2 protein chains.
Amino acid sequence: MNTPTDHRWLDTEQQAAWRDFLEGVGRFQEVLVREHDRRLPLSVPEYDVLVQLSEQPDRSLRMSRLAERLAYSRSRVTHTVSRMERAGLVRRVAAAEDKRGVHCSMTDAGWHALVASAPTHVDIVRTYLVDVLTRDELLSLGAAMARVRDACAAALA
Amino acid sequence: MNTPTDHRWLDTEQQAAWRDFLEGVGRFQEVLVREHDRRLPLSVPEYDVLVQLSEQPDRSLRMSRLAERLAYSRSRVTHTVSRMERAGLVRRVAAAEDKRGVHCSMTDAGWHALVASAPTHVDIVRTYLVDVLTRDELLSLGAAMARVRDACAAALA
DNA sequence: TCGGTTCAGTTGTATGTTCAACCAATACAG
DNA sequence: CTGTATTGGTTGAACATACAACTGAACCGA
């Protein structure tokens, strides 16, 4: 474990790579949000919630699982789900097994919204990320970020 | 130019890589913010502003340049700089050459805060990103994200 | 040099996110 | 059992961000 007082600075190449990473992520997220707003009826967080739900066999997930998977705070999930519920995209269902629990369940309207949005979403991801890289670059990028994710997850655990 | 109706889905490998990317970025940003709040007196946006300023010979930058470089909206820069001005980290200076312009200039307090924070900031970046990857992986990551950044910047221009 | 247009930045307002306090249900030690 | 700690989720207020409207300055074609 290295302490801050180690003063282990990054060398020039490392600094450049880190900077490119920061800028690339920043610009990409900016474009993603912009294109979503411009071309789709779902915001990025709403889309992400629906994707998570759609992957469950019963198209529903407990609030806390949703928070974990999206790396959102519990309160954020509460508010976001409330808005989506008002918009008819999801529905809250009391948990049968644990009376504290609440399941967030995708409605048909939510499902249709997701299906309608997916092609455009994929198109955006392609245009600004996937198609910009070679296949090998993309796969390396994924592998590297998976390691980063795991390192971070370990720290949060 | 491909339209959304092309339905050019991602294959399994591409999907996995995209997902790993999303999750990795998400977790990393989460940890970065958390560790900043926990160990440093500067938030991430404040730190980023100071880094930009510190790279200028006169330690100051016009509001609009700052917005461009950080990929922030102009209004966000206005508010963020106002908060930082209140905290004594930066100072607004009327532009001599263009009476519309405003320069955001780092104060000595801002400089000291940055210098004091940098080692810990680097330590965080190392722990959760740089040291998790081999040198080659890091450099490839940087190269890939630089391409993504350029593709996005071209779209915004 | 006038009139329109663009540009730099701020302001007000709506929206989204976080934080801390809270309630209710569960788990668990004694 | 009983009291205490923990967990799941919500609430409301503070805070941050986005968006649109606005002011004043600069630019530019006629």
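These numbers were taken from a predicted model, which means no experiment stands behind them. Order of the sequence lines fixes the chain letters, A, B, ..., with proteins taken first and strands second; residue numbering starts at 1 for each chain.
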Check this for me: does the side-chain of B/H79 come within 3.5 Å of the base of C/dG9 through a donor and an acceptor?
no
query = On a plain distance test, is the side chain of B/R100 in donor-acceptor contact with the base of D/dG24 below 3.5 Å?
reply =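 Donor-acceptor pair under 3.5 Å: no.
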Please state whether the rings of A/H36 and A/H121 are parallel, tilted or perpendicular, taking 30° and 60° as the class boundaries.
perpendicular
Looking across every strand, which nucleic acid part, if any, lies under 4.0 Å from [X] by heavy atom: base, sugar-phosphate, or nothing?
X: B/R76; result: sugar-phosphate
X: A/S73; result: sugar-phosphate
X: B/R65; result: nothing
X: A/S75; result: base
X: B/R34; result: nothing

Between [N] ([atom2]) and [X] ([atom1]): distance, integer Å:
X: B/Y72; N: D/dC19; atom1: OH; atom2: P; value: 15 Å
X: B/R74; N: C/dA8; atom1: CZ; atom2: C1'; value: 7 Å
X: B/L66; N: D/dT17; atom1: CG; atom2: P; value: 13 Å

The nucleotide from C/dT26, C/dA8, D/dG9 with an atom nearest the side chain of A/K99 is C/dT26
key: Side chain of B/T78 (C-beta onward), nearest among D/dT17, C/dT10, C/dA8   =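 When the side chain of B/T78 is considered, C/dT10 is the closest of D/dT17, C/dT10, C/dA8.
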Work out which heavy atom in B/S105 is nearest to a heavy atom in B/V93; give both atom names and the distance.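 Shortest heavy-atom separation between B/S105 and B/V93 comes out as CB-CG2, 4.2 Å.
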- Query: Does A/R19 pair with B/E55 as a salt bridge, N-O distance under 4.0 Å?
  - Reply: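 Judged by the 4.0 Å cut-off on N to carboxylate O distance, A/R19 and B/E55 do form a salt bridge.
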Quiz prompt | Phosphate OP1/OP2 of D/dA16: any B/T80 side-chain N/O under 4.0 Å | solution =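 Indeed not, no polar side-chain atom of B/T80 lies that close.
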Below 4.0 Å: OP1/OP2 of C/dT17 and any side-chain N or O of A/R83: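 True: A/R83 side-chain N/O within range (under 4.0 Å) of C/dT17 OP1/OP2.
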DNA chain C nearest-nucleotide lookup for B/V102 and A/P45: closer to the 5′ end is B/V102
